[in-house]
Every structure is written in C-alpha cells, then in structure tokens.
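Everything on this sheet refers to the single structure shown next.
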Amino acid sequence: MALQQIKLPYIIITLLVGLLLSITFAVTLGSVEIKPTTVWKIALSKIPMLTQWIEVDWSKGEQTIIWDIRFPRVLLGAIVGAGLSVVGVAIQSLVRNSLADPYVLGVSSGASVGATSVIIFGAFSMYGQYALSFGAFTGSLVSIILIFTLSRIGGQNSTVRLLMAGIAISAILSAITSLLVFSAPNEHGIGTVLFWLSGSLAGGKWEYLTIPTLIVVICLIVLMAQYRSLNAMLMGEESAGTLGVNTVQFRKLLLVITALLTGVIVSIAGSIGFVGLMMPHIVRVMVGSDHRRVLPVSALFGAIFLIWVDVVARLAFAPEELPIGILTALCGGPFFIWLMLRSSYSFGGSGR
C-alpha cells in the first residue's frame with residue numbers, strides 16, 4: 001500500500017516510535033556502551049514523581065555520560081534535524097523552487113556572518129546570552145531578503161535566477177565570514193569558528209535546548225495552521241491570490257519563519273547543509289505534496305536522520321569527531337545532482 005493511502009496518524013505514530021528508538025540507541029552508542037534500560041532508568045529518575053520507584057543500579061560515571069553528555073546532544077540532533085527539515089519545506093514553498101534550501105540559497109551563509117561576528121568580535125553583546133541567536137537571525141533575514149529581491153529584479157523569478165542570486169549572495173557572505181575569521185584577534189576564536197562552521201552538535205547541553213525547541217515547535221504549529229496557504233502557493237502567487245491567500249503578508253510570514261529557524265539552528269549547531277533539501281523531497285515522494293502531511297512527517301524524518309548522522313560523526317573516526325556538516329554534504333551533494341538530472345520529478349511530487 002502506498003504511503004499516500006495510509007492515514008496520517010498511523011504514519012506519525014510509526015515515526016514517533018522510530019524517533020524514540022533512535023534516541024535510545026544513539027545514547028547507548030559510544031566509547032562506553034550502556035544498556036538501553038539504563039538510559040531510560042536514568043531519564044525517568046529525573047522526574048520527581050517517579051524517583052522513588054526507580055532502583056539506582058548505575059554508577060555516577062554512567063549517569064554523567066548519559067544525562068549530561070549524550071542525552072542533550074542526541075535531543076539537540078533531533079531538534080536541529082526537525083528544524084532544518086521544516087525550514088526546507090517553508091523556503092521551497094516561498095520560492096516555488098524544488099532545489100531550494102537554506103544552505104544552497106545562501107541563507108545559512110548570512111546566519112554564519114552574524115554568528116561569526118558575535119563569536120569573534122562580541123557583536124550584539126547588548127542581548128547577553130541571546131546575542132548569538134540574534135546575530136544569526138539578523139544575518140539570515142538580511143540574506144534571504146537580498147536573494148529574494150535580487151531574483152525578482154526585472155519582474156522575473158525563474159529557478160535559474162534564484163539559484164544564481166543565491167550563489168552570488170552566498171559567495172559574498174562566505175567571503176565576509178572568511179574576512180572576519182582572518183581578522184580575529186586570537187587563535188582560539190579562529191579554531192572555534194572554523195569547527196563550528198562545519199556543523200557540530202558537540203555543544204549540546206540541557207540549557208541550550210529550550211529556545212531551539214520552542215522556536216521549532218512554534219514555527220511548525222504556525223506552518224501547520226497555514227497548510228492550505230502553503231498548498232495554494234505551489235500553484236503560483238496569482239493562483240494563490242484567487243484562492244483568497246494574501247500573498248504579500250504570507251510571503252513576509254515565511255521570510256520571518258525561514259530566517260528565525262535558520263538563525264537559531266546555525267547559532268547552536270553551525271552550518272549544516274542539505275538536510276532541508278533532502279527531507280522534504282523524500283517525504284513528498286512518499287506521502288504526496290499536501291503540507292498537512294509533509295510538514296510533520298518531514299520534521300520527524302529529519303530528526304531521525306540527523307540523530308544517526310551524528311552517531312556516525314562521533315564514532316567513524318573515534319576518538320576524533322567528524323564535523324556533521326561534512327557527512328550531510330556527502331549525502332546531499334549526490335542527492336542534489338540526482339534531483340537536477342531526474343526529469344520525471346517536479347515540485348510537489350508529480351511527474352511532468
């Protein structure tokens with residue numbers, strides 16, 4: 001039976017089970033192997049009402065490894081994967097371009113400029129602990145506005161013009177990031193930025209999870225509430241307008257959501273490419289182009305995917321850690337080429 005014919009709740013439940021299993025086994029894997037039952041005993045022992053019912057049969061070392069190191073990192077991977085997938089769906093609907101994602105179009109490069117200026121020079125310091133997120137959000141918002149405006153000069157808005165605008169803006173912003181790194185006053189700042197630019201979940205801590213989780217969930221809920229408008233946008237702005245969509249206001253909403261998600265994700269995990277390109281396409285092929293199905297399924301698929309990519313990044317060259325952006329690029333590059341060469345695929349999941 002095709003997945004398009006399966007009811008959405010069944011798909012969601014299946015993916016939630018897959019996500020729970022992925023989290024469990026990802027936490028157990030590492031230089032110190034730990035039983036899955038121990039993982040959830042420790043997790044459940046943190047719930048006040050259940051503490052007295054959990055028998056403590058683990059060491060302090062195991063608790064530190066699981067609760068303080070692996071668990072927040074794995075959960076951060078799930079949040080980042082879900083967020084990148086959701087922003088991929090949003091930006092592809094915004095520009096009606098099946099090849100669009102924050103990394104390909106240069107939105108991530110804008111976020112990187114803002115975040116790098118915070119890390120190296122302390123920009124936006126007036127925002128305190130939120131300086132990095134604010135800097136990345138500002139950079140991503142400016143970049144996506146520039147790309148979108150440049151692609152529409154002369155009243156045209158073709159795929160080629162959009163990609164060319166994205167490549168041009170991305171090249172400029174990447175050069176600015178390199179210039180900022182070159183001008184860094186200390187070597188520690190340079191090393192931090194270079195590793196961070198390749199993408200990493202190594203900074204995953206409990207205190208860093210709250211804001212990204214809230215933003216991803218809120219943006220997903222907002223987009224789910226607007227799924228009819230997203231479906232209408234697939235047919236073009238004129239057709240969407242005739243269906244009652246205020247395309248000007250809706251485009252502004254998508255711009256803010258795209259910039260906000262990209263900025264927050266880049267600020268905490270660095271530049272991780274191609275997840276927002278691959279997940280929406282895979283999901284559309286499986287469940288169709290209705291955004292009521294595409295959005296939640298993409299979020300769950302992205303969460304599971306990035307959890308396992310991070311596992312490979314941690315273990316492939318242990319004890320050294322591979323930047324996660326390298327692995328997503330190794331997956332996404334061939335996928336991008338296949339997508340361009342596949343003549344039978346068009347935006348929305350139907351053949352030409």
Side-chain angles (χ1 to χ4, degrees), residues 80 83-95 97 99-125 127 130-153 157 161-184 189 192-200 211-212 215-216 219 251-277 323 325 328-329 332 336:
V80 170
L84 288 172
S85 300
V86 170
V87 77
V89 174
I91 201 170
Q92 287 175 11
S93 299
L94 173 66
V95 301
N97 185 343
L99 301 178
D101 94 322
Y103 187 82
V104 174
L105 287 185
V107 183
S108 294
S109 297
S112 296
V113 171
T116 301
S117 64
V118 174
I119 294 173
I120 294 181
F121 298 105
F124 304 105
S125 58
Y127 295 100
Y130 304 111
L132 193 60
S133 296
F134 186 84
F137 166 69
T138 302
S140 61
L141 182 60
V142 170
S143 65
I144 195 171
I145 291 174
L146 285 173
I147 293 164
F148 201 72
T149 302
L150 186 59
S151 70
R152 295 177 67 91
I153 290 177
N157 190 22
R161 288 176 63 86
L162 188 70
L163 290 175
M164 289 178 65
I167 291 170
I169 297 298
S170 179
I172 294 170
L173 294 174
S174 295
I176 293 174
T177 300
S178 298
L179 182 62
L180 292 175
V181 172
F182 182 78
S183 305
T192 301
V193 171
L194 290 178
F195 186 81
W196 171 83
L197 284 174
S198 297
S200 174
I211 293 178
I215 289 177
V216 169
C219 289
R251 193 188 308 119
K252 290 179 181 178
L253 174 65
L254 290 180
L255 283 171
V256 172
I257 288 176
T258 298
L260 183 61
L261 281 172
T262 304
V264 169
I265 290 170
V266 168
S267 70
I268 197 169
S271 184
I272 300 174
F274 295 104
V275 177
L277 172 70
T328 58
F336 188 86

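Residues: numbered from 1 along the sequence shown.
- For residues 255-275, the pairs satisfying ring pair (Phe, Tyr, Trp, His ring centres under 6.0 Å) are Y103-F274, with sequence neighbours left out.
- Heavy atoms only, all atoms of each residue included: S112 and S271 are closest at OG-CB, 4.1 Å.
- Under the 4.5 Å side-chain criterion, counting only non-hydrogen atoms from C-beta, Q92 is in contact with L277.
- Within the 4.5 Å cutoff, the side chain of I272 has no heavy atoms near those of the I265 side chain.
- Without hydrogens or angle criteria, T328 side chain to G273 main chain gives a donor-acceptor distance under 3.5 Å.
- Nearest approach of L254 to A90, heavy atoms of both residues: CD1-O, 4.3 Å.
- Within the 4.5 Å cutoff, the side chain of I91 has heavy atoms near those of the I144 side chain.
- Atom NZ of residue K252 and atom CD1 of residue I145 lie 10.0 Å apart, to the nearest 0.5 angstrom.
- Identified under the side-chain hydrogen bond (donor to acceptor under 3.5 Å, both in side chains) test for residues 256-268, with sequence neighbours left out: S133-S267.
- When side chains are defined from C-beta on, V275 counts as touching S85, because their heavy atoms get closer than 4.5 Å.
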May I have the list of side-chain donor-acceptor pairs in residues 172-180 shorter than 3.5 Å, sequence neighbours left out?
residue	atom	partner	partner atom	Å
S174	OG	S170	O	2.8
T177	OG1	L173	O	3.0
S178	OG	S174	O	3.1

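- Looking at every heavy atom in both residues, G276 comes nearest to D101 through C-CB, 3.7 Å.
- Checking side-chain atoms of S140 against main-chain N and O of A259 turns up a donor-acceptor pair under 3.5 Å.
- The ring-ring contact (aromatic ring centres under 6.0 Å, His included) search around F134 returns F124, Y127, not counting sequence neighbours.
- Looking at heavy atoms from C-beta onward, S200 lies out of side-chain contact with P323 at the 4.5 angstrom threshold.
- Counting only residues at least two apart or on different chains, no side-chain hydrogen bond (donor to acceptor under 3.5 Å, both in side chains) pair has a member in residues 113-122.
- The side-chain contact (heavy atoms from CB on, under 4.5 Å) check on I215 picks up I211, C219, L260, L261, V264, with sequence neighbours excluded.
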